[in-house]
Amino acid sequence: MSLKYNMVGWFEIPVSDMDRAIDFYKNVFQVEMDQQKMGDVSMAFFPWDEELPGAPGALVHYPDEYQSSQSGVLIYFSSLSGDLNDELTRVENAGGKVILPKKLIAEDIGYMALFLDSEGNKMALHSKA
């Protein structure tokens, strides 16, 4: 069977303080985020290009429905710089915590690290170098 699309089509990260969460991800990844209200839900979208691999996603403030968590699904962010240590060095200054420093997965797969974001969500980083 050949795929006609990527298996993951969208992701959402729950946040309790949208401004704090936007500041965290803007500082760690050095990107701009577009914030919009959709009824009772506030969302801030990660930059994306539908022509590139990977799934788009957003920060979501919907307090009655979404709660931050250190357990459950783990999202791996790709290092925009090519070396996840670049992003990892900005995590704590942005209000997060590194919980697993850069670690080799396998030579052909690359490296990973784990961190808590400003909202208490456990996240991962991946890079080839």
For the residue pair Gln30 and Asn27, what are the closest heavy atoms and their distance?
CG-O, 3.7 Å

Do Gln35 and Asp19 have side chains that approach each other closer than 4.5 Å (heavy atoms only, starting at C-beta)?
yes

Would you say Val31 ends up clustered with Phe115 if hydrophobic residues are merged whenever their side chains have heavy atoms under 4.5 Å apart, either directly or through other cluster members?
yes

As an exercise, state the distance from CZ of Phe45 to CD1 of Ile22, rounded to the nearest 0.5 Å.
10.5 Å

Got more than 12 heavy atoms from elsewhere within 6.0 Å of NZ, Lys97?
no

Decide whether Leu88 and Leu80 are clustered together by the hydrophobic rule: side chain heavy atoms of Ile, Leu, Val, Met, Phe, Trp, Tyr closer than 4.5 Å, transitively.
yes

Hey, can you tell me if Tyr62 and Tyr66 have their rings parallel, tilted or perpendicular (30° and 60° cut-offs)?
perpendicular

Going only through I, L, V, M, F, W and Y residues with side-chain contacts under 4.5 Å, is there a path from Leu125 to Phe11?
yes

Using side-chain contact (heavy atoms from CB on, under 4.5 Å) as the criterion, point out the one residue from Glu12, Met43, Met33 that pairs with Leu59.
Met33

Are Ile75 and Val28 co-members of a hydrophobic cluster defined by side-chain heavy atoms under 4.5 Å apart?
yes

Between Ser118 and Ala94, the two heavy atoms sitting closest are CB-O, 4.5 Å

OG1 (Thr89) and CD (Glu87) are apart, to the nearest 0.5 Å, by 8.0 Å

ring-ring contact (aromatic ring centres under 6.0 Å, His included) evaluation trace for Phe77 with Phe46
CA-CA 11 Å; Phe77 284 94; Phe46 289 97; 5.4 Å; yes

Can you tell me how far CG of Leu116 sits from CD of Gln70, rounded to the nearest 0.5 angstrom?
4.5 Å

Atom pair NZ/CG of Lys102 and Leu114 - distance to nearest 0.5 Å
14.5 Å

Point-to-point distance, once rounded to the nearest 0.5 Å, from NZ of Lys122 to CG of Leu74:
6.0 Å

Residue pair Ala55 / Trp10: nearest heavy atoms and the distance that separates them:
CB-N, 4.2 Å

From CA spacing to verdict: side chain to side chain contact (heavy atoms under 4.5 Å, CB included), Val15, Arg20:
CA-CA 9 Å; Val15 303; Arg20 179 179 62 205; over 6 Å; no

For a quick test of reading the model, state the closest non-hydrogen atom pair linking Asp83 to Ser81 and the distance between them.
O-OG, 3.0 Å

Determine whether a donor-acceptor pair (N or O, by modelled atom type, separation under 3.5 Å) exists between the side chain of Glu32 and the backbone of Lys26.
no

Show the nearest heavy-atom pair for residues Ala113 and Leu84, with the distance to one decimal.
CB-CD1, 3.7 Å

Where Gly82 and Ser127 come nearest, the two heavy atoms and their spacing
O-CB, 3.5 Å

Cluster question for you: counting only ILVMFWY and a side-chain heavy-atom cut-off of under 4.5 Å, with indirect links fine, are Met123 and Ile99 together?
no

Using a 3.5 Å distance criterion without hydrogens, assess whether the side chain of His126 forms a donor-acceptor pair with backbone atoms of Ile109.
yes

Taking C-beta and beyond as the side chain, do Pro14 and Glu119 meet within less than 4.5 Å on heavy atoms?
no

In sequence, state the C-alpha distance, the side-chain angles, and the governing distance for Val60 and Glu65, and then conclude on side chain to side chain contact (heavy atoms under 4.5 Å, CB included).
CA-CA 10 Å; Val60 179; Glu65 299 296 324; over 6 Å; no

Within a reach of under 6.0 Å around CD of Gln36, are more than 12 heavy atoms found that belong to other residues, nucleotides or ligands?
yes

Considering residues, nucleotides and ligands other than Asp40, do more than 12 of their heavy atoms fall under 6.0 Å from its CG?
no

So, taking the atom named OH in Tyr76 and the one named CD1 in Ile105, what distance separates them when rounded to the nearest 0.5 Å?
5.5 Å

